2 protein chains.
Amino acid sequence: MIDRSCPGAIEPILEILDGKWTLLLLLELFDGTKRFGELRRKLHPISPKTLTDRLRLLEDKGIVTRTLYPGVPLHVEYELTERGQRLQPIFAAMWAWVQENGVCPGKEAENISPEEAGSL
Amino acid sequence: MIDRSCPGAIEPILEILDGKWTLLLLLELFDGTKRFGELRRKLHPISPKTLTDRLRLLEDKGIVTRTLYPGVPLHVEYELTERGQRLQPIFAAMWAWVQENGVCPGKEAENISPEEAGSL
DNA sequence: TGCAATAGTTTCAAAAAATGAACTATGGAG
DNA sequence: CTCCATAGTTCATTTTTTGAAACTATTGCA
């Protein structure tokens, strides 16, 4: 389980998972390769600055790769590395916890009024 | 595994795990009931304000309980709830990731010079 | 030449989080 | 009446993070 003799050892992962958008961003990437604009839309209203900041950090930590495709218009794809894929169990554990203890916002959204629904 | 149809569902846990000291604090509490001063020493140099802020938040979210023991000197004990205990698998998954991909700072500390060691 | 579409960067302001130092509260012992 | 030890609180300041708006870069096409 958890090795209590080396408490500082979780720090590398704290650096990776830290930041307002990081977990949501990683969730998107678990779903597969994504382009910059696509991530921006799915994580709306994230700012482009914050998105690049996060992606650069994850790149530095070896969690994602950035691939530029020249051509018109150019585009860029972000993809999880092997190392990044291995983060999935952490999310699965979070997910399991939420199932048992949290609430899924979607469930309550089922009975929103038509007017509210229209504005989405 | 992860339910992609309900992406917003991880948010409750983001609120719980957020903050510079939270994960380290929870690690301490997994080890057992702890008093305020004890946590403060183990998490040094955390400020008392930050520590109370975190503990209050965790209390509000039903993750820890606070028990006051009157008497002289008075003392307070913080303990994980059942709900809080169930967060352990998340940490275990983080730990496993670090084992495979990260570095344990302790390992490198084995060959520090005597002068450096003396200052600890 | 200038526009369209992608993916950013830059700069500055605003908001949120953490820190540090000093102070409060409790209650018995001396 | 003061002191000790515990567990905080308060407030001003600093540091860190996030955000918004406007601007840059690339390259083919009309």
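Please read these numbers as outputs of a predicted model, since none were measured by experiment. Naming: A, B, ... by sequence-line order, numbering from 1 per chain.
- Counting heavy atoms from C-beta outward, B:Leu55 and B:Arg66 have side chains that stay 4.5 Å or more apart.
- Residue B:Val72 is in base contact, counting any heavy-atom pair closer than 4.0 Å across all strands shown.
- In this entry the distance linking CG of B:Leu68 with P of D:dT9 reads 12 Å, nearest Å.
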- Begin from the C-alpha positions of A:Leu43 and A:Glu28 and carry the test side-chain contact (heavy atoms from CB on, under 4.5 Å) through to its verdict. CA-CA 9 Å; A:Leu43 298 179; A:Glu28 289 303 328; 4.0 Å; yes
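- Between the CG atom of B:Leu74 and the P atom of C:dG27 there is a distance of 8 Å, rounded to whole Å.
- The side-chain heavy atoms of B:Leu26 and B:Thr22, taken from C-beta on, include a pair separated by under 4.5 Å.
- Between the CZ atom of B:Phe36 and the C1' atom of D:dT6 there is a distance of 10 Å, rounded to whole Å.
- Residue contacts shown for B:Gly71 are absent, as no nucleic acid heavy atom lies under 4.0 Å away.
- You'll find that the side chain of B:Pro73 is closest to D:dA5, out of C:dT26, C:dA7, D:dA5.
- Side-chain contact between A:Ile63 and A:Leu57 is absent, with no heavy-atom pair separated by less than 4.5 Å.
- Hydrophobic clustering of Ile, Leu, Val, Met, Phe, Trp and Tyr side chains at less than 4.5 Å, counting indirect connections, unites B:Trp21 with B:Met94.
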- Between B:Thr81 and B:Val64, does a side-chain contact (heavy atoms from CB on, under 4.5 Å) hold up when you go through it step by step? CA-CA 5 Å; B:Thr81 60; B:Val64 305; 5.7 Å; no
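- If you measure from atom CG of B:Asp18 to atom P of D:dT16, you get 16 Å, rounded to the nearest angstrom.
- Rounded to whole Å, the distance from CZ on B:Arg41 to C1' on D:dG8 is 14 Å.
- A salt bridge links A:Lys49 with A:Asp53: the distance from a Lys NZ or Arg NE/NH1/NH2 to an Asp or Glu carboxylate oxygen falls below 4.0 Å.
- Between C:dG27 and B:Tyr69, no contact under 4.0 Å exists linking OP1 or OP2 to a side-chain N or O.
- Only A:Lys49, A:Thr50, A:Arg54, listed by number, bring a heavy atom of residues 43-66 of chain A to less than 4.0 angstrom from any atom of DNA chain D.
- As judged by a 4.0 angstrom heavy-atom cut-off over every strand, A:Arg35 is placed among residues touching the sugar-phosphate backbone only.
- Legend: residues meeting ring pair (Phe, Tyr, Trp, His ring centres under 6.0 Å) with A:Tyr78, ordered by chain and number and at least two apart, are absent.
- In the set C:dA5, D:dT18, D:dT6, the nucleotide with an atom closest to the side chain of A:Trp21 is D:dT18.
- Over its full length, the helix from C:dT1-D:dA30 to C:dG30-D:dC1 turns its helical axis through 40°, comparing axes from the five pairs at each end and rounding to 10°.
- Between A:Lys20 and the phosphate of D:dG19, there is a side-chain N or O to OP1/OP2 separation shorter than 4.0 Å.
- Under the 4.5 Å side-chain heavy-atom criterion for grouping Ile, Leu, Val, Met, Phe, Trp and Tyr, B:Leu87 is connected to A:Leu14 within one hydrophobic cluster.
- Rounding to whole angstrom units, NZ of residue A:Lys34 and C1' of C:dT6 are separated by 18 Å.
- Atom CG in A:Leu39 sits about 14 Å away from atom P in C:dT6, given to the nearest Å.
- A straight line from CZ of B:Arg40 to P of D:dA7 spans 10 Å, rounded to a whole angstrom.
- In this structure the side chain of A:Phe91 reaches within 4.5 angstrom of the side chain of A:Leu23, judged on heavy atoms.
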